[in-house]
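Here is the naming used below: chain letters follow the sequence lines, and residue numbers restart at 1 for every chain. None of the values given here were measured: they were computed from a predicted structure.
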Protein chains: 2
Amino acid sequence: MRVNHQDRSAKSYRSSRQRERLLALLRSTGIHPTASWLYDQLKKDFPSLSLGTVYRNLSILIEQGLVRKIDSGSTFDRFEAKTTPHYHLICNKCGKIIDFEQRFFPEINKEISRSTDFDIESHRIDFFGTCSDCRTIS
Amino acid sequence: MRVNHQDRSAKSYRSSRQRERLLALLRSTGIHPTASWLYDQLKKDFPSLSLGTVYRNLSILIEQGLVRKIDSGSTFDRFEAKTTPHYHLICNKCGKIIDFEQRFFPEINKEISRSTDFDIESHRIDFFGTCSDCRTIS
DNA sequence: ACTATTATTAATAATCATTCCGATTACTAT
DNA sequence: ATAGTAATCGGAATGATTATTAATAATAGT
């Protein structure tokens, strides 16, 4: 008799070195990398790595809820290993994304839900402006 | 002698029918169109219209602050004629974007600025969830 | 440990939205 | 009307991402 301990909706994946290292790399950095940056880094340890592998594993990790995709207004996506809820400070000059974790407003989902016929599950807030580096330079 | 009455940083543009109609179209709709939807609509009145013209004029209108680009997590961009500050409700099921104008929190820019070394000029809030249409269906 | 099975990989081609470019056309001021 | 310049068109180029396929590696059962 065969028992499935997995959740019915969750696809299972067999482990792979590439994906393990990809997640570790994402967790070890705070720079919200692009797919190609991740590719360049991992290429050092996996000389035969393919960019498609990076994208495929990113989407698996996203499906598993371990990684989030960030769209910052650029033509390319950035990624981050999901930890705690937080917001982003995005620099208009250099495009850098900085995590902001000091405050989070979980209550606004319900507050906004009350004014509209829409079931709100989550929200994101992005703040735009100038980072300290770019302010110093100009 | 030639005097430039324009602000140094502001480029000036000659008016064009295509751009005028593009802006009018954007202002007349609430559906947050894609570039190709705009192209399809305008094509009716300008049979020789080029998609590049739509993109070029969109970027001019954005530069002039009359139009905003919205990234909704899809592979393509959506656009809206900027009116008053507002937030977006984005449906996870159908991708529809609904404007939310009932409340706006201008004060959080300063509030967040105080906790960090970042000059905040603006913010955006997107709420994700299920719209009433999709909730009814499922 | 061995084998069969099946998922993952690497390489590359395909896709899709967007941008760029050269030639042509339309405005505007003189 | 003409010259000068900006806007347009059409299509090609770009760049990020996704799909395809044959080879490779991980897992389950023996």
| Difference in axis direction between the ends of the helix from C/dA1-D/dT30 to C/dT30-D/dA1, five pairs, 10° | 40°
| task | Apply side-chain hydrogen bond (donor to acceptor under 3.5 Å, both in side chains) to A/Lys110 and list each qualifying residue two or more places apart in sequence or on a separate chain. | result | none
| message | Suppose the criterion is side-chain hydrogen bond (donor to acceptor under 3.5 Å, both in side chains): which pairs have a residue in residues 94-105 of chain A, not counting sequence neighbours? | response | A/His32-A/Asp99, A/Thr84-A/Glu101, A/His86-A/Asp99, A/His88-A/Asp99, A/Lys96-A/Asp133, A/Arg103-B/Glu111, A/Arg103-B/Ser115
| field | Interatomic spacing from CG in A/Asp77 to CZ in A/Arg68 - rounded to 0.5 Å | value | 14.5 Å
| field | Counterpart residues, salt bridge (Lys or Arg N to Asp or Glu O under 4.0 Å), relative to A/Arg78 (two or more places apart) | value | none
Which atom pairs, donor and acceptor, lie under 3.5 Å between side-chain atoms of residues 52-59 of chain A and protein residues at least two apart or in another chain?
{"unit_1": "A/Asn57", "atom_1": "OD1", "unit_2": "A/Arg19", "atom_2": "NH1", "d": "2.9"}
{"unit_1": "A/Asn57", "atom_1": "ND2", "unit_2": "A/Thr53", "atom_2": "O", "d": "3.1"}
{"unit_1": "A/Ser59", "atom_1": "OG", "unit_2": "A/Arg56", "atom_2": "O", "d": "2.9"}

| query | Partners of B/Asp119 by side-chain hydrogen bond (donor to acceptor under 3.5 Å, both in side chains), sequence neighbours excluded? | reply | A/Arg135
| field | Set of side-chain hydrogen bond (donor to acceptor under 3.5 Å, both in side chains) partners for B/Lys69, sequence neighbours left out | value | none
| Start and end of the DNA chain C segment that chain A contacts, any atom under 4.0 Å from a heavy atom | C/dT6 to C/dA11
| note | Quick note, salt bridge (charged side-chain N to carboxylate O under 4.0 Å, His left out) partners involving residues 25-44 of chain B, not counting sequence neighbours, are none
| request: Can you sort out the partners of A/Tyr13 under ring pair (Phe, Tyr, Trp, His ring centres under 6.0 Å), two or more places apart, ordered by chain and number? | output: none
| Residues two or more places apart in sequence or in another chain: which of them pass side-chain hydrogen bond (donor to acceptor under 3.5 Å, both in side chains) with A/Ser74? | A/Ser72
| query | In B/S/- notation, 5' to 3', how is nucleotides 4-17 of chain D contacted by protein heavy atoms closer than 4.0 Å? | reply | -BBSBBB-----SB
